[in-house]
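Side-chain atoms are counted along with the backbone in the values below, which use heavy atoms only and exclude waters and symmetry mates. In this text, all values refer to a predicted model and were calculated from it rather than measured experimentally.
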Amino acid sequence: DKKVNEITPRLFEMAPNAKAMAALDVAVIQDAIKEIGLSKTKANNLSKTAKQLVELHAGAVPSTFEELEALPGVGHKTASVVMSQAFGHPSFPVDTHIHRLAQRWGLTC
């Protein structure tokens, strides 16, 4: 997460909105985030997500869990962070592995 916080300002200088990100070549995105693990997959997902935001949501970030989780590379944890931070929706982002263990142990549904 620390590395992500170091890298995102440069990426957002290159592409400050979904339309600009959608216009970037995936290789350019990958080069910008190469210090983050799984950069090839993440670059592909960023490109696809930006294109979907432009095509399906007029460039805006959707405000429901269902719409967020339909975006490439966005799981429940990321959707929870967006819902909480961007829209003030009460949520508790939990790593998938922790969620599975909590379910297995009967701590949650």
Side-chain angles (χ1 to χ4, degrees):
D1 289 341
K2 181 180 177 184
K3 186 54 79 174
V4 170
N5 290 337
E6 292 173 8
I7 290 172
T8 51
R10 178 174 168 244
L11 179 62
F12 290 141
E13 282 179 20
M14 295 167 53
N17 56 49
K19 186 176 181 181
M21 184 74 69
L24 290 178
D25 188 75
V26 174
V28 173
I29 299 170
Q30 184 178 353
D31 186 59
I33 66 169
K34 64 186 171 198
E35 296 177 50
I36 299 174
L38 304 171
S39 63
K40 184 175 182 178
T41 299
K42 290 176 182 177
N44 281 319
N45 285 336
L46 282 169
S47 179
K48 290 176 186 176
T49 292
K51 289 173 183 167
Q52 283 188 17
L53 289 176
V54 171
E55 294 168 7
L56 303 175
H57 303 284
V61 176
S63 60
T64 68
F65 279 103
E66 294 78 18
E67 291 173 310
L68 288 167
E69 290 176 9
L71 296 169
V74 178
H76 191 72
K77 179 182 173 186
T78 299
S80 293
V81 170
V82 171
M83 291 296 289
S84 172
Q85 298 299 308
F87 301 110
H89 183 336
S91 63
F92 190 75
V94 177
D95 184 82
T96 300
H97 306 292
I98 299 300
H99 186 258
R100 287 182 186 154
L101 287 173
Q103 283 183 316
R104 181 175 288 173
W105 295 335
L107 300 174
T108 187
C109 303

Please check: side-chain N/O of T78 versus main-chain N/O of V74, any donor-acceptor pairing under 3.5 Å? no
Is F12 linked to I33 within one hydrophobic cluster, defined over Ile, Leu, Val, Met, Phe, Trp and Tyr using a side-chain heavy-atom separation of less than 4.5 Å? yes
Side-chain heavy atoms under 4.5 angstrom apart, residues restricted to Ile, Leu, Val, Met, Phe, Trp, Tyr: same cluster for L71 and L56? no
Between [X] and [Y], what is the shortest heavy-atom contact and its length?
X   : Y   : result
L53 : P62 : CD2-CD, 3.5 Å
A22 : A50 : N-CB, 3.5 Å
L24 : A15 : CD1-CB, 3.8 Å
I36 : V4  : CD1-CG2, 3.8 Å
N17 : A20 : OD1-N, 2.8 Å
L11 : A32 : CD1-CB, 4.1 Å

Approximate separation, where rounding is to 0.5 Å, of [X] [atom1] and [Y] [atom2]:
X   : Y   : atom1 : atom2 : answer
M21 : M14 : CE    : CE    : 8.0 Å
S47 : Q30 : OG    : CD    : 11.5 Å
E35 : R10 : CD    : CZ    : 8.5 Å
E69 : M83 : CD    : CE    : 9.5 Å

Atom NZ of K42 with >12 non-hydrogen neighbours under 6.0 angstrom: yes
Apply the side chain to side chain contact (heavy atoms under 4.5 Å, CB included) test between P72 and each candidate in L46, N44, N45; give the one that qualifies. N45
Relative to the ring of H89, is the ring of F65 parallel (under 30°), tilted (30 to 60°) or perpendicular (over 60°)? perpendicular
Test side-chain contact (heavy atoms from CB on, under 4.5 Å) applied to H57 and Q52, step by step: CA-CA 7 Å; H57 303 284; Q52 283 188 17; 5.5 Å; no
Applying salt bridge (Lys or Arg N to Asp or Glu O under 4.0 Å), can you list everything that pairs with E6, at least two apart in sequence or on another chain? K3
Can you sort out the partners of E13 under salt bridge (Lys or Arg N to Asp or Glu O under 4.0 Å), two or more places apart, ordered by chain and number? none
